[in-house]
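Inspection log for the structure reproduced underneath, given as structure tokens.
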Amino acid sequence: MSKYIEKVLADVKAKNSNEPEFIQAVEEVLSTLAPVIEANPQYEKAAILERMVEPERVVMFRVPWVDDNGVVQVNRGYRVQFNSAIGPYKGGLRFHPTVTLSVLKFLGFEQTFKNSLTTLPMGGGKGGSDFNPRGKSDGEVMRFCQSFMTELSRHIGADTDVPAGDIGVGGREVGYLFGQYKRLRNEFVGVLTGKGRPFGGSLVRPEATGYGTVYFAQYMLEKLGQDIKGKTVALSGFGNVAWGAAQKLVQLGAKVVAISGPDGYIYDEKGMTQEGVDYMLELRASNNDVVEPYAAKFGAKFVKGRKPWEVKCDIAFPCAIQNELNGDDAKMLVENGCMMVVETSNMGCTADAVNYLNGRVAFAPGKAANAGGVAVSGLEMSQNSMRLSWSAEEVDAKLKDIMKSIHDNAYDTAEKYGMKGNYVAGANLAGFIKVADAMVAQGVC
Ligand code: GLU
């Protein structure tokens, strides 16, 4: 690590000592940047790193709402507008009890590099609330979303900041948020992505993150002279992302033997079928956050309270939440013969796990592998601006091209800097260079 990077990292740790997730994300990126920092003294001169680790703006607000019993509830809302060097702030909203400023700062920081990799003009942002949608009625979710947007609407806009979904925020929530924005501003604009089809949503957006991560894995396998067909796969999570990944994997002939929920995991030796993939949607819609009923329905095994990383598989796709795969899980996967880990959740692997896996197996970092979701959000923004909509085939073809560009950019950049096959370094360097050059060109701002 260069002296400059060490100094910036020490400052980040001192200034944000109560934000462990944010520190983890910054350390993961900065620790790979030495080759470009050393070759480009203009970055240090312009204090690019110091500026990149500081969000341009953080909005934190009260979200009061009334539950079905008439009781007033109060949650905390946030929007972290991290970096707008290459486009309007862009990134999802997460509604989950684990949401803190640290979590949203790590997500906004990651999003800046991810969005840069997509080839589309989008800056980085993230937001959300500690509101837990689990077990809430539609009416409660609507009132919460309306209250949340009442404040958020002052800070966003189609050319300023375009939020979307993330954990706990899907089509229903985006619909309520959009309706409230339109009502408050008297404007029908593409201020959110992940919208319903009848009001400007893009085809393939719901599937995009899951499809994209599988396309990314295919491009990696191609480099290794291998095919995804016939590969045994373990997935975690049963939200939108895991569902999209499972669907594409089943279509391509991979054998998905494990899926998981907050209650444990399912082991299905025979491999998942399309009916199983469809059932994932039903489970999610039940709003109970349990995967167990899958076992009885499909004659599979349910393993309570454990993670799917103990099953024998060729490829693992963590698709749930940050730090869901730790160093011990990583060792277990490798001991069981796993040859590839495709991090699909944002920072799904702990630092220990990344260090252990990167080099031992083919390892895809989340900011490259999961970028398909925000990439199709970018395509939704284009369609909204043009006031037209593309067919599913067109969007899917564009998504595939974007995933190929991300793959090739990460691969080639790693090779250029003498780290062939290291997608972690390649993605960080490629994502960084574009944003850093834009910041240098725009002066001190
Ligand atoms: N939440 C997704 C992500 O982590 C998508 C964001 C978006 O579509 O703006 O990239």
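Note that ligands are numbered from 1 as they come in the structure, with each ligand's atoms numbered from 1 the same way.
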**OP:** Evaluate the salt bridge (Lys or Arg N to Asp or Glu O under 4.0 Å) criterion for residues Asp166 and Arg94: first the C-alpha distance (whole Å), next the side-chain angles of each, then the deciding distance (0.1 Å), finally the verdict.
**Re:** CA-CA 5 Å; Asp166 195 81; Arg94 178 175 291 190; 2.6 Å; yes
* Looking only at distances, please establish whether an N/O atom of ligand 1 is found under 3.5 Å from an N/O atom of Val162. => no
Check your understanding: Does any N or O atom in Asn346 lie less than 3.5 angstrom from one in ligand 1, N or O only?
Key -> yes
Under 4.0 Å, heavy-atom basis, I'd like to know which part of [X] is in contact with ligand 1: side chain, backbone, both or neither.
| X | answer |
| --- | --- |
| Lys126 | side chain |
| Arg205 | side chain |
| Thr209 | neither |
| Arg94 | neither |

If you count the atoms of ligand 1 from 1 in the order shown, which ones are under 4.0 Å from a heavy atom of [X]?
| X | answer |
| --- | --- |
| Lys114 | 3 (C), 4 (O), 10 (O) |
| Ala164 | 7 (C), 8 (O), 9 (O) |
| Ser377 | 7 (C), 8 (O), 9 (O) |

* Asked: With a 4.0 Å cut-off on heavy atoms, does Gln111 reach ligand 1?
  -> yes
Does Ala371 have a heavy atom less than 4.0 Å from any atom of ligand 1?
no
Practice problem: Considering only NZ, NE, NH1 and NH2 on the basic side and carboxylate oxygens on the acidic side, decide whether Glu56 and Arg51 come within less than 4.0 Å. | Solution: no
Sequence neighbours excluded, the answer for side chain to side chain contact (heavy atoms under 4.5 Å, CB included) partners of Ala254 is Ile228, Val233, Leu249
Closest non-hydrogen protein atom to [atom], residue and atom name please, with distance?
| atom | answer |
| --- | --- |
| atom 9 (O) of ligand 1 | Lys90 NZ, 2.7 Å |
| atom 1 (N) of ligand 1 | Asp166 OD1, 2.7 Å |
| atom 6 (C) of ligand 1 | Gly92 N, 3.5 Å |

request  = Measure up the Phe144 and Trp65 rings against each other and bin them: parallel (under 30°), tilted (30 to 60°), perpendicular (over 60°).
outcome  = perpendicular
Quiz item: Parallel, tilted or perpendicular for Phe61 and Phe148, by the 30°/60° rule?
Solution: tilted
Practice prompt. For residues His96 and Phe131, establish whether the separation of their ring centroids is below 6.0 Å.
Written response: no
*Kindly determine whether Arg306 and Glu310 satisfy salt bridge (Lys or Arg N to Asp or Glu O under 4.0 Å), including the steps that lead there.*
CA-CA 9 Å; Arg306 301 182 70 105; Glu310 59 191 28; 2.8 Å; yes
For Tyr423 and His407: C-alpha separation, side-chain torsions, deciding distance, then whether ring pair (Phe, Tyr, Trp, His ring centres under 6.0 Å) applies. CA-CA 8 Å; Tyr423 287 89; His407 171 275; 5.2 Å; yes
Closer than 3.5 angstrom, by distance alone: can the side chain of Ser147 be matched with the main-chain N or O of Arg143 as a donor-acceptor pair? no
